[in-house]
Amino acid sequence: MSNERIALIDVNNFYVSCERVFDPKLVGRPVVVLSNNDGCVVARSQEAKDLGITTGAPFFQVKQFMRSHGMVARSSNYELYGDMSARVMEVLSRFGTWQEVYSIDESFLGVQGTPDQLGELATRIRATVGRSVGVPVCVGVAPTKTLAKFANHVAKHNAHLNGVCSMDSMDPDLIERIQSRVPVTDLWGVGGKTGTKLAGMGISTIADLKCADVTEIRKKFSVVLQRTVLELNGTPCIAHHEERADKQQIMYSRSFSSPVTTLDAMQEVMSIYAQRGASRLMGDGLWATLLTVTAGTSRFASGEASFPSVTLKLPRPTQDPILLTRLASAAMRDIMRPGASYVRGGVVLSGLQPDPGQEAFGIFEDEVSEKHVGDVLGAVKAKFGDKAIGLGSGGLAVEPKWSMKREYSSPKFTTEWAELPVVRA
DNA sequence: TCTGGGGTCCTAGGACCC
DNA sequence: TCTGGGGTCCTAGGACCC
């Protein structure tokens, strides 16, 4: 007997695990990884979770654990995590008939075999990633994506399973017992809002949802939750995407380390963000047709928060940093309120399309020369890095004072020669 | 003092057309 | 004077995910 199954593999506490690979002192201690600006907690080791630290907790509120419990904090090091992710995904790809990389630390794999073979495969996947990359993973195997996510959840929460759970090898009564204990909001695709509404209908556990009436679910919610119910019952209905679908939008948005209050400073922000956005367009081989600029005041300050935002149609499909910078600055000038204290800003490029050919070239000479400047900027950045060259404030060698705070950063261990780890024996 | 960023998918409703 | 109904396309907003 041979069955098509889906495996969902994810790395435990991914960012923390990456940091630990290169700094064994972090093993066994509470560790948190912080968001940009060291603002809040985005990843926690098990020990940090045990201290009651939640995802999204403001760092300043949990900082005291550094002294009281030897907690270690790290600023996020996306170069390191991105590179480690690529290594994990490469190893995983060897085990599946197809692979869908679902997020930086998660992947679906198509697998097949008898129940025994599937269990053995899951164990081998876990061991291989651990040995060749150095990070711990959990593996869930089941007939549908939703159930694979559930199996992974079971693997993660039951230490005796050693990080793997294949539903074909499980006693159906045991599955039933677990599903009638686990809250429905722990299920992939069921968030807080849906959970509240379901609770009102007397559906509070996974088992409850599994035997709900699909027609009624479809009527009261949407096709999304209907699919979840079908998948819970073993009918696969969520498609998988082996190729990363073309991006729908590119967003560059950050909170500032200190508030921006003047038009000049905000235009500096827009100039830099628009150029970062243009670099990404070039990197992905995409042209944008819509540009959105946004800003926001603090949600936590007294008084009314304000989130000005405007979207404009670009005069032609473009990846031109000059054009984008100019339009983003002008748009921001129109929507920002003088005197307001902005803590974040962003640029979103959407309506993305592949090479538009001639359409992208203007008919006027200055547009043609802008295109050339854009090409040169792109080429220099590709060769010497994003910070090597820029327009106006985008070329500042000194970081502006609103730029990101990263007090606890680890080195780019795997992507910069100068920052390779040194081992003494 | 200090509170993330980047995405996807679906639905409803408006504009417009025939 | 009467004032349909179906289709498409676009956008805003909601919900969710990691």
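In the text below, chain A, chain B and the rest are named by the order of the sequence lines, each starting its count at 1. Nothing here was measured: the structure is a model prediction, and the numbers come from that model.
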Requested in this report: Mind calculating the distance between CG (A:Asn37) and P (B:dG4) to the nearest angstrom?
Outcome: 9 Å
Query raised in the report: How is A:Phe59 classified with respect to the nucleic acid when contacts are heavy atoms under 4.0 Å: base, sugar-phosphate, or nothing?
Result: nothing
Requested in this report: Please confirm whether A:Tyr102 and A:Trp188 have ring centers closer than 6.0 angstrom.
Outcome: yes
Query raised in the report: Whole Å only: how far is the CD1 atom of A:Ile104 from the P atom of B:dG5?
Result: 16 Å
Report task. Could you tell me whether a side-chain N or O of A:Thr297 sits under 3.5 Å from a main-chain N or O of A:Ser306, the two making a donor and an acceptor? Result -> yes
Query raised in the report: For A:Lys197 and C:dC16, is the shortest distance between a side-chain N/O and OP1 or OP2 below 4.0 Å?
Result: no
Query raised in the report: Can A:Asp38 and A:Arg406 be counted as an ion pair, charged N to O under 4.0 angstrom?
Result: no
Query raised in the report: With a 4.0 Å cut-off on heavy atoms, is A:Asp105 in touch with a base, just the backbone sugar-phosphate, or nothing at all?
Result: sugar-phosphate
Query raised in the report: Is the distance from OP1 or OP2 of B:dG5 to the nearest side-chain N or O of A:Ser255 less than 4.0 Å?
Result: yes
Report summary line: Scanning all shown strands, the Watson-Crick or wobble mate of B:dC18 with both distances under 3.5 Å is C:dG5
**Report entry** Whichever of A:Pro58 and A:Arg227 has its nearest DNA chain B nucleotide further upstream toward 5'
**Finding:** A:Pro58
**Report entry** Minimal non-hydrogen separation, A:Ser107 against A:Met89, with atom names
**Finding:** CB-SD, 3.7 Å
Query raised in the report: Is any side-chain N or O of A:Arg344 closer than 4.0 Å to OP1 or OP2 of B:dT3?
Result: no
Query raised in the report: Start at the 5' end of DNA chain B and walk down; is the nucleotide closest to A:Arg218 or to A:Met251 reached first?
Result: A:Met251
Report task. Look at the side-chain N and O atoms of A:Thr194 and state whether any lies under 4.0 Å from the OP1 or OP2 oxygen of C:dC16. Result -> yes
**Report entry** Distance in angstrom units between A:Tyr81 OH and C:dC18 P, rounded
**Finding:** 19 Å
Report task. Write down the partner of C:dG13 under the Watson-Crick or G-U wobble criteria, each distance required to be under 3.5 Å. Result -> B:dC10
**Report entry** Pair A:Lys220 + A:Glu216, salt bridge at N-O below 4.0 Å
**Finding:** yes
Query raised in the report: In whole Å, what separates the C1' atom of C:dG4 from that of B:dC16?
Result: 15 Å
